[in-house]
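Only one structure is covered here, and it is reproduced in the block below.
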2 protein chains.
Amino acid sequence: MARAGVTAERLTLVAAELADEVGLANVTVAALARHFGVKDASLYFHIKNAHDLRVRVALLALTELADRAAAALAGRAGKDALVAFANAYRDYAKRHPGRYAAMQIDLDPETAAASAGVRHAEMTRAILRGYRLSEPDQTDAVRMLHGTLHGFVSLEKTGGFRHTPRATDDSWSRTLDALDAVLTNWPPAQVAETETAR
Amino acid sequence: MARAGVTAERLTLVAAELADEVGLANVTVAALARHFGVKDASLYFHIKNAHDLRVRVALLALTELADRAAAALAGRAGKDALVAFANAYRDYAKRHPGRYAAMQIDLDPETAAASAGVRHAEMTRAILRGYRLSEPDQTDAVRMLHGTLHGFVSLEKTGGFRHTPRATDDSWSRTLDALDAVLTNWPPAQVAETETAR
DNA sequence: GTAGTAGCCTAGCTCTCCTAGGCAAACGAT
DNA sequence: ATCGTTTGCCTAGGAGAGCTAGGCTACTAC
């Protein structure tokens, strides 16, 4: 009875690969155990429960993406940085749909604060430094930027753009142009704040 | 043995309400059956399977949202229309998190084509008519707009903005200002198209 | 070498999804 | 009114997922 040598790290990595292949929803404790030639009950020695497993995948993905984004960002500024960051983001989501899906599960505040998610926020702010925005505009721009990237990639993945023939690559490129334009010329606050709700 | 009077419509509606209360993932066939005081097996007379149930919720949500957006859009144009549409979208997502989540599951092409999703696309295009964009810019703008709204709302819901104190309502308002600005002054195509990748 | 811990096991419970086959209530036609 | 026929619900049961309790064994530290 040789030991399989399962660790939480290996478990997480295989779970992430499995997620990319068959979808996050199909990453079950049982499937993972089969993959390691081990009984499912044995995995509970390494992970707390199925949700914990997914959270670990999410944290792995956040770190991986932060690393890639940081690499893409190195030595760039302005629109160049924006495009590099955005492409790293979209690229990762396309290459690793399961991990990207895991990134969307909401972590509890402490976990989120300790995650690589903060690096994402820092990098986004760093990009915006090239556009010379001061608070609170900067926060608003961070949120819009992050939202736009995520929204575009997310809709592209779920086939939301399928109905129109135009290549999504081109729309992506133009969306980045538009983001650059609006960040360069960030509009001043209109009328009253907090007056948006119907 | 009085009959419970279950129909696919009532089933879908209760499932949608349940989804808003306890999350889409917890909308199980068994829970739904309990809600109707009926055995779970009985529901398979009305729905094909659990996935079919979720799809029905998604279609319901798409229709409901399209109705609200259409009402909000009535008699408005330009930025006014943009803001009304966007607020209807965000409002619905906040009020009906479960239904909104259901809207994100990807439908197969035929189902999607027959859904109220096409009304969403039409309305988005209608809004853009006020900004006088011609193809293919219009398609790009539709995608960016849709992506930005979805992305912002989605990140807000999963707590992605939690770490910064600024009110999301204000960021939302400024994001709409920014969208209006960039649509008003849509930047011309930069350099070469399809040159975005890595 | 022996104690303790780490890693895996079996057994077994609950829950969900889903199929097969049965029975009774509602309804339409005679 | 009654006699099918359909419609709506039932029981029974299997497969698979999540998880717990408790036991055995291999490694590790001393």
Side-chain angles (χ1 to χ4, degrees), chain A residues 1-60 98-99 101-102 104-108 111, chain B residues 1-60 98-99 101-102 104-108 111:
Chain A
M1 273 297 171
R3 295 197 177 184
V6 176
T7 64
E9 286 69 35
R10 290 186 60 201
L11 223 48
T12 306
L13 203 63
V14 172
E17 266 150 30
L18 204 61
D20 287 338
E21 286 166 20
V22 301
L24 186 65
N26 293 322
V27 176
T28 70
V29 176
L32 208 54
R34 280 192 291 270
H35 218 274
F36 276 90
V38 157
K39 297 296 172 183
D40 56 348
S42 305
L43 297 191
Y44 290 90
F45 188 82
H46 304 280
I47 56 167
K48 244 184 62 206
N49 51 38
H51 181 251
D52 176 45
L53 177 66
R54 282 154 223 258
V55 168
R56 283 169 188 271
V57 173
L59 295 177
L60 170 71
R99 298 175 204 220
Q104 309 311 324
I105 67 178
D106 47 341
L107 312 171
D108 60 305
T111 312
Chain B
M1 276 294 179
R3 296 198 177 181
V6 177
T7 64
E9 286 71 34
R10 288 186 60 200
L11 224 48
T12 306
L13 203 64
V14 172
E17 268 150 30
L18 205 61
D20 287 337
E21 285 166 22
V22 299
L24 186 64
N26 294 321
V27 176
T28 71
V29 176
L32 208 55
R34 279 193 292 270
H35 218 275
F36 276 90
V38 158
K39 297 295 172 182
D40 58 347
S42 304
L43 298 191
Y44 290 89
F45 188 82
H46 303 281
I47 57 166
K48 244 183 63 207
N49 51 38
H51 182 251
D52 176 45
L53 178 66
R54 282 152 223 258
V55 168
R56 282 170 190 270
V57 173
L59 296 177
L60 170 71
R99 296 176 205 219
Q104 309 309 325
I105 68 179
D106 48 338
L107 312 171
D108 59 304
T111 312

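Chain A is the first sequence line, chain B the second, and so forth, proteins listed ahead of strands; every chain is numbered from 1. All values reported here derive from a predicted model rather than from experimental measurement.
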query: So, is A:Arg34 near the phosphate of D:dA17, with a side-chain N or O under 4.0 Å from OP1 or OP2?
result: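 Checking A:Arg34 against D:dA17: at least one side-chain N or O falls below 4.0 Å of OP1 or OP2.
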When rounded to whole Å, the CD to P distance for the pair A:Glu9 and C:dG7 reads 11 Å
inquiry  = If I take atom CZ in residue B:Phe36 and atom P in nucleotide D:dC9, what distance separates them, rounded to the nearest angstrom?
reply    =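 Distance check: B:Phe36 CZ to D:dC9 P gives 10 Å.
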Can you tell me how far apart [atom1] ([X]) and [atom2] ([Y]) are? Round to the nearest 0.5 Å.
| X | Y | atom1 | atom2 | value |
| --- | --- | --- | --- | --- |
| A:Leu18 | A:Leu13 | CG | CG | 11.5 Å |
| B:Arg56 | B:His51 | CZ | NE2 | 12.0 Å |
| A:Asp52 | A:Leu43 | CG | CG | 11.5 Å |
| A:Asn49 | A:Arg54 | CG | CZ | 9.5 Å |

What residues 39-50 of chain A contributes to the DNA chain D interface at heavy-atom separation below 4.0 Å is A:Asp40, A:Ala41, A:Tyr44, A:Asn49, A:Ala50
Which of C:dC17, D:dG18, C:dC9 is nearest the side chain of A:Ala30? It is D:dG18
Kindly say whether A:Ala19 contributes a backbone atom to a donor-acceptor pair with the side chain of A:Asn26 at under 3.5 angstrom? no
When B:Ile47 is tested against each of B:Leu11, B:Leu32, B:Val55 for side chain to side chain contact (heavy atoms under 4.5 Å, CB included), which residue passes?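 Looking at B:Leu11, B:Leu32, B:Val55, the match for B:Ile47 under the side chain to side chain contact (heavy atoms under 4.5 Å, CB included) is B:Leu11.
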